[in-house]
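Working notes, structure below.
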Amino acid sequence: MAKPRASRQPCPESCNVLLVGGGGREHALAWKLSQSPRLGTLWLTHPENAGLHSYGQPCPVAMDVKDAFRMQRWCDSNDIHLVVVGPELPLAKGIVDALQTDTRRVFGPNKEAARLEADKAFAKQIMRQVAIPTAEARVFTEVESARHYINAREGGCVVKASGLAAGKGAIVCDNQAEALDAIERMFVHDEFGEAGRKVLIEEKLTGQEVSVLALVDGRTITMLDPCQDHKQVGEGDTGPNTGGMGAYCPTPVIDDATMAVVEREVMVPTVDALRREGIEYRGVLYAGIMLTPGGPKVLEFNCRFGDPECQPLMARLKGDLIEILWATSTGRLGDVDVEFDDRVACCVVMCSEGYPGPYEKGRVITGIENAEALSSAAGEVKVFHAGTRKEKDGIVTAGGRVLGVTALAADLTAARDLANRACEKIHFQGAFYRRDIGDRVLSTSAAVGR
Ligand code: AMP
Ligand code: GLY
């Protein structure tokens with residue numbers, strides 16, 4: 001008799017899960033996975049994160065695709081049913097291709113599909129093929145022609161490394177001089193290494209940015225509620241870009257009709273275009289969208305949950321995350337309900353002094369329990385750990401982004417205020433955070449009288 005197709009495998013009653021990644025996004029995933037009655041053993045690649053620590057067992061083998069045989073052997077001998085991959089790098093390196101079997105599912109796109117994030121020139125080519133609204137761009141592989149192009153055009157532009165650059169590969173330029181400098185940094189000073197050998201010079205768009213994430217099982221697309229994050233380090237959206245200083249979900253900046261446009265004009269044609277290239281997309285498809293006066297346009301695709309967008313998403317997600325991720329990775333997304341709490345979640349990121357520049361680690365953190373103790377009927381608080389480590393003195397800082405203080409409350413104002421009050425309870429030397437997360441829409445709503 002023929003073997004049942006992998007896609008027909010039901011979700012195991014007791015599902016052993018390996019979670020790959022060690023930041024705030026993964027703490028939020030672990031928290032939600034641990035609420036599933038289907039969870040068997042949870043294994044962690046980054047148990048040193050003091051928040052993740054208590055949810056599972058340390059995985060003793062490095063999940064390095066270069067040693068695929070060792071990873072596979074470890075997963076086989078520990079009966080891993082589901083691998084959940086948080087960050088883009090292992091996806092871009094092919095962890096899905098290395099670990100997926102008929103009985104073991106890996107949540108995330110395979111190496112080819114992950115190029116949508118890992119190779120921006122490829123993503124542009126796909127978008128062009130099916131006329132997805134996005135910024136006009138030209139691709140360059142050497143400095144002279146890039147300089148020539150910049151000198152021949154007027155005004156601002158965005159210079160982007162085509163490869164993965166940990167969120168730092170896009171340089172928004174107001175004029176020719178800045179663009180020429182960005183080109184030097186990529187091609188001459190090699191600041192972005194391999195990622196900057198291919199460079200996009202893009203039309204500069206204006207408008208509000210929104211993170212639109214969807215689950216995709218190869219064909220079916222389930223849109224998640226829209227989020228917004230704040231990338232710049234300073235209040236009022238000032239200063240250099242970071243990995244994300246805070247995020248909220250849902251955001252009122254995009255209405256249902258515009259979400260439907262993004263689904264119809266961006267998500268569906270992207271998944272279809274990939275399929276025509278022989279690439280099946282499974283996992284999270286995250287479109288960074290700019291709401292321009294001419295309609296929504298794609299700034300970038302990511303092949304994973306956003307960080308910190310994942311924290312408010314998980315705070316609001318109802319239902320069983322294991323079932324949802326399993327259904328996504330087995331092509332049965334249509335069989336599960338993906339629903340959200342009606343309340344609004346807001347995550348405020350507490351950072352180390354100096355971030356996104358150099359910072360010290362090892363500062364003792366206190367007050368996390370006091371922050372979570374603010375939970376009441378009016379709202380809930382959950383502190384997700386991004387860069388922390390457990391030491392004998394207690395929990396200490398171990399990264400630039402340290403904690404994602406997340407609150408769930410009736411509306412954005414209440415959620416943001418509760419998250420800010422929770423941050424006030426937490427102390428470590430040099431801690432800072434933005435108190436204005438959500439202001440962009442709170443002031444807009446005020447302006448339109450909502
Ligand atoms: P990316 O890595 O492509 O998401 O870019 C990082 C950030 O740069 C985005 O979140 C935007 O704020 C900005 N950005 C990227 N592309 C553009 C563009 N074409 N026009 C204006 N801003 C952009
Ligand atoms: N918050 C932006 C990202 O995850 O890429």
Side-chain angles (χ1 to χ4, degrees), residues 21 23-26 28-29 86-89 91-92 114 116-124 127 132-139 153 155-174 178-179 182 186 192 195-196 199-213 224 226-233 237-249 251 284-294 296-314 347-349 356 384 386 400-401 404 434 437 440:
R25 165 181 49 209
E26 288 76 25
L29 291 170
E88 61 277 16
L89 200 56
L91 293 167
L116 219 44
E117 173 166 2
D119 182 352
K120 287 181 195 282
F122 169 75
K124 277 285 173 201
M127 287 189 268
I132 290 171
T134 182
E136 288 299 322
R138 292 269 305 263
V139 180
R153 67 195 298 286
C157 65
V158 183
V159 176
K160 290 186 181 179
S162 182
L164 291 181
K168 301 188 178 82
I171 305 174
V172 181
C173 308
D174 287 331
E178 285 179 22
M186 303 226 174
F192 298 86
V199 169
L200 282 77
I201 302 178
E202 244 181 53
E203 165 200 14
K204 188 170 154 188
L205 302 175
T206 50
Q208 289 244 24
E209 281 180 62
V210 50
S211 306
V212 179
L213 284 76
L224 306 181
C227 310
Q228 270 188 298
D229 74 345
H230 285 259
K231 289 204 169 73
Q232 284 173 277
V233 71
D237 291 329
T238 52
N241 270 350
T242 68
M245 296 297 291
Y248 43 96
C249 174
T251 169
V284 175
L285 179 57
Y286 164 160
I289 299 280
M290 183 84 89
L291 299 172
T292 75
K297 293 192 178 176
V298 177
L299 293 178
E300 63 159 352
F301 282 119
N302 295 319
C303 63
R304 47 158 177 93
F305 283 109
D307 187 345
E309 289 93 329
C310 189
Q311 291 80 319
L313 275 168
M314 289 305 124
C347 170
V348 176
V349 177
F384 295 116
R401 290 192 292 173
R434 282 183 60 171
I437 300 303
R440 276 193 306 233

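In listed order, ligands and their atoms are each counted from 1. A quick note: this is a predicted structure, and the numbers were derived from the prediction, not measured.
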What I'd like to find out is whether the side chain of Q311 reaches to under 4.5 Å of the side chain of F305, using heavy atoms alone.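 Answer no - side chains too far apart.
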
With heavy-atom distances below 4.5 Å as the criterion, would you say the side chains of Q208 and T251 are in contact?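 The answer is no; the side chains never approach within 4.5 Å.
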
Got a second to check how far D307's CG is from C347's SG, nearest 0.5 Å?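 Interatomic distance, D307 CG to C347 SG, rounded to 0.5 Å: 8.0 Å.
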
Can you tell me how far CG of D237 sits from CE of M245, rounded to the nearest 0.5 angstrom?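 Reported to 0.5 Å precision, the distance equals 10.5 Å.
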
Just to verify, which of E300, R304, E309, E117 counts as forming a side chain to side chain donor-acceptor pair (under 3.5 Å) with Y286?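 Of E300, R304, E309, E117, side chain to side chain donor-acceptor pair (under 3.5 Å) with Y286 is met by E309 alone.
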
Under 4.0 Å from ligand 1, counting heavy atoms only: the protein residues, by chain and number: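 Within 4.0 Å of ligand 1, protein side: K120, A135, V158, K160, A170, V172, E202, E203, K204, L205, E209, K231, M290, L299, E300.
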
Enumerate the pairs of nitrogen or oxygen atoms, one from ligand 2 and one from the protein, separated by less than 3.5 angstrom; state names and distance to 0.1 Å.
{"residue": "ligand 2", "atom": "1 (N)", "partner": "D229", "partner atom": "OD2", "Å": "2.7"}
{"residue": "ligand 2", "atom": "1 (N)", "partner": "D307", "partner atom": "O", "Å": "3.1"}
{"residue": "ligand 2", "atom": "1 (N)", "partner": "E309", "partner atom": "OE1", "Å": "2.7"}
{"residue": "ligand 2", "atom": "1 (N)", "partner": "E309", "partner atom": "OE2", "Å": "3.3"}
{"residue": "ligand 2", "atom": "4 (O)", "partner": "R304", "partner atom": "NH1", "Å": "2.9"}
{"residue": "ligand 2", "atom": "4 (O)", "partner": "D307", "partner atom": "N", "Å": "3.0"}
{"residue": "ligand 2", "atom": "5 (O)", "partner": "R304", "partner atom": "NH1", "Å": "3.4"}
{"residue": "ligand 2", "atom": "5 (O)", "partner": "R304", "partner atom": "NH2", "Å": "2.9"}

Could you pull out all residues at least two apart from E209 that satisfy side-chain hydrogen bond (donor to acceptor under 3.5 Å, both in side chains)?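 Per chain and number, E209 pairs via side-chain hydrogen bond (donor to acceptor under 3.5 Å, both in side chains) with no residue.
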
Tell me whether R401 contacts the main-chain N or O of T242 through its side chain, where contact means a donor paired with an acceptor under 3.5 Å.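 Not a single qualifying donor-acceptor pair exists.
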
Any donor-acceptor pair under 3.5 Å linking the side chain of S211 with the backbone of Q228?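 Side chain of S211 to backbone of Q228, a donor-acceptor pair under 3.5 Å: no, none is there.
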
Which residues pass the salt bridge (charged side-chain N to carboxylate O under 4.0 Å, His left out) test with E202, not counting sequence neighbours?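 If we apply the salt bridge (charged side-chain N to carboxylate O under 4.0 Å, His left out) test to E202, skipping adjacent residues, the hits are K124, K160.
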
